[in-house]
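Just below is one structure, and these are the notes that go with it.
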Number of protein chains: 2
Amino acid sequence: MPVSLPSTEPSGDSVSRILAAAKDLFARHGYDHVSMNAVAGAAGVSKANVFHHFKSKDELYIRSLSQACEASRSSLDAMEEGDGDAWQRIRRFVDEHLDHMLSHSRDSRLILREVVENCPGTGQRLAQEVFRDNFNRLVAIIAECQREGALRPDLDPVFISTLLLGANVFFFQSQEVMRHLDGVDFADEPSRYGAMFVDILMRGAASGPVANEGEKP
Amino acid sequence: MPVSLPSTEPSGDSVSRILAAAKDLFARHGYDHVSMNAVAGAAGVSKANVFHHFKSKDELYIRSLSQACEASRSSLDAMEEGDGDAWQRIRRFVDEHLDHMLSHSRDSRLILREVVENCPGTGQRLAQEVFRDNFNRLVAIIAECQREGALRPDLDPVFISTLLLGANVFFFQSQEVMRHLDGVDFADEPSRYGAMFVDILMRGAASGPVANEGEKP
DNA sequence: GTCTATATCGGGATAGAC
DNA sequence: GTCTATCCCGATATAGAC
């Protein structure tokens, strides 16, 4: 990663600095609690300069969002090239995905906010353009595991993918609450949480001899 | 439930009307996008009157939150008195809980926002006071199922409860996004989603003959 | 491109009459 | 308890000089 030299470009790269500051502030405090003044201050430029480069606060926000999304995309790559059997790869995905969310919690929260706040025009459309890519990749990988015989053929790979994501996202967003609930001793152990989850899933979704008492295949 | 007569109390019950309007607006648009002016207008009173009954916007918000929580509490009762075997009760809980969230989506979203927006002082403490009750009840029920022999004894009932809630919450909050993802044909069928989930869980968590290839008990 | 200064607007909260 | 009118502040956005 190239380090910018302040001497050569003391203010030339204002856009990057503004964008970085904005992403950080938006992720930490949310759209409404971040003023253009604060962004300007954090970026070391004047407020008018921010408006010169971004014609409105909304535009700056959208740009910040998409930048946060790009960072999120890179985490899936690690899994795809990994080896090991199907359940090992799935396990690794759960681990790394959760890890990535937690270590990039600001970006994750920034995106998550847009999901929860589902205004029809703003978040949904953008979230859709972002999620579709990664989601389809995950589904494809799960389907591949199924083709290898690791999952029962009657299961919907889309559903399994949803379950994986849901378990992780819920852990991420509820961690702070879980810490203050009785008996949740895994609140600070994401990898143990992932292990327990994949264990349940594996026993429940794997093909082979299954404890299906009262079920009719 | 006593019906208030508008003739006897045309404006006497301003507090209730303000609270109702506030809860509705906060749930739909979020704290920051609701002005006291808007609340006053929706409640049919003046802005000064709102400030007369609630000394600040924060107080009004907190009151709205706790009211939304009370409504959420009643849904758990239905399950506790239900009969049937363990997995039937669990299945019914998943169904009714998800149903409740969807039919009370505004209340749910209001609470969910506080979880995602985890500021240390505001949401967390209140969420904790609210969730603890219901969560402990759910854990107790799961533990009871385990005592009946429906779940493997080595499983943590707290973890299973978390999984149940997580799957439902994720469905609720991601429904709008899921609708626009490829292949998610269960996005509008919460009960099918619940059925698939409980099916996986049952096979994976049930005691009895289990497909544990490579596991050492 | 970058700044200082300013216009303009809306929201929270208060004063004081009725 | 309820209202009208008002204060005060901060936020978005713009104007115009350098």
Side-chain angles (χ1 to χ4, degrees), chain A residues 4-65 110 113-114 117 119 121-123, chain B residues 4-65 110 113-114 117 119 121-123:
Chain A
S4 63
L5 302 176
S7 53
T8 60
E9 300 181 354
S11 59
D13 206 3
S14 306
V15 177
S16 310
R17 302 220 315 276
I18 292 171
L19 218 44
K23 200 184 71 167
D24 181 65
L25 289 173
F26 281 140
R28 278 208 301 229
H29 309 114
Y31 181 88
D32 301 290
H33 290 92
V34 173
S35 69
M36 295 298 256
N37 228 328
V39 173
V45 298
S46 76
K47 183 169 58 171
N49 194 349
V50 178
F51 277 99
H52 174 71
H53 291 292
F54 304 89
K55 66 168 181 275
S56 73
K57 187 183 180 181
D58 270 343
E59 184 186 319
L60 179 58
Y61 182 64
I62 298 293
R63 292 283 304 271
S64 305
L65 258 186
L110 189 56
R113 232 191 296 263
E114 285 301 308
E117 222 75 34
C119 12
T122 317
Chain B
S4 62
L5 302 175
S7 53
T8 61
E9 300 182 354
S11 61
D13 206 4
S14 307
V15 176
S16 310
R17 302 221 314 278
I18 293 171
L19 219 43
K23 200 183 71 166
D24 180 65
L25 288 173
F26 281 140
R28 279 208 300 228
H29 308 114
Y31 181 88
D32 300 291
H33 290 92
V34 174
S35 69
M36 295 298 256
N37 230 329
V39 173
V45 299
S46 75
K47 183 168 60 169
N49 194 352
V50 178
F51 277 100
H52 175 72
H53 291 293
F54 304 88
K55 66 169 181 279
S56 73
K57 187 183 181 182
D58 271 342
E59 183 186 320
L60 178 58
Y61 182 64
I62 298 294
R63 293 283 305 271
S64 306
L65 259 186
L110 188 55
R113 230 191 296 262
E114 285 302 307
E117 222 74 33
C119 12
T122 317

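We name chains A, B, ... by the order of the sequence lines, and we start the count at 1 in each one.
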Tell me whether the OP1 or OP2 atom of [N] has a side-chain N or O from [X] closer than 4.0 Å.
X: B:H52; N: C:dT14; result: no
X: A:S14; N: C:dT2; result: yes
X: B:N49; N: D:dG1; result: no

### Query
Which class fits the ring pair A:F26 and A:Y31: parallel under 30°, tilted 30 to 60°, perpendicular over 60°?
parallel
### Message
For a quick check of understanding: with a heavy-atom distance under 4.0 Å over all strands, which category does A:V34 fall into, base, sugar-phosphate or nothing?
### Response
sugar-phosphate
### Task
Tell me what B:S46 touches on the nucleic acid: a base, only sugar-phosphate, or nothing, going by heavy atoms under 4.0 Å.
base
### Query
Hey, does the side chain of B:K47 reach the backbone of B:S35 with a donor-acceptor pair shorter than 3.5 angstrom?
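No, B:K47 side chain to B:S35 backbone: no donor-acceptor pair under 3.5 Å.
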How close or far is atom [atom2] of [N] from atom [atom1] of [X], stated in whole angstroms?
X: A:N37; N: D:dT14; atom1: CG; atom2: C1'; result: 15 Å
X: B:Y61; N: C:dG11; atom1: OH; atom2: P; result: 18 Å
X: A:K55; N: C:dG1; atom1: NZ; atom2: C1'; result: 18 Å
X: B:H29; N: C:dG11; atom1: NE2; atom2: C1'; result: 17 Å
X: A:I18; N: C:dG1; atom1: CD1; atom2: P; result: 11 Å
X: B:L60; N: C:dA13; atom1: CG; atom2: P; result: 10 Å
X: A:F51; N: C:dC3; atom1: CZ; atom2: C1'; result: 15 Å
X: A:H53; N: D:dA13; atom1: NE2; atom2: C1'; result: 16 Å

### Query
Any ion pair linking A:R17 and A:D13 (charged N to carboxylate O, less than 4.0 Å)?
no
### Task
Between A:D58 and B:K47, name the one whose nearest nucleotide on DNA chain D is closer to the 5' end.
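Nearest-nucleotide comparison on DNA chain D picks B:K47.
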### Query
Of the nucleotides D:dC3, C:dG12, D:dA13, which one has an atom closest to the side chain of B:V45?
D:dC3
### Task
Please step through side-chain contact (heavy atoms from CB on, under 4.5 Å) for the pair A:L110 and A:E114, ending with a clear verdict.
CA-CA 7 Å; A:L110 189 56; A:E114 285 301 308; over 6 Å; no
### Task
Could you check B:L19 against B:L60 for side-chain contact (heavy atoms from CB on, under 4.5 Å), going step by step and ending with a plain yes or no?
CA-CA 7 Å; B:L19 219 43; B:L60 178 58; 3.9 Å; yes
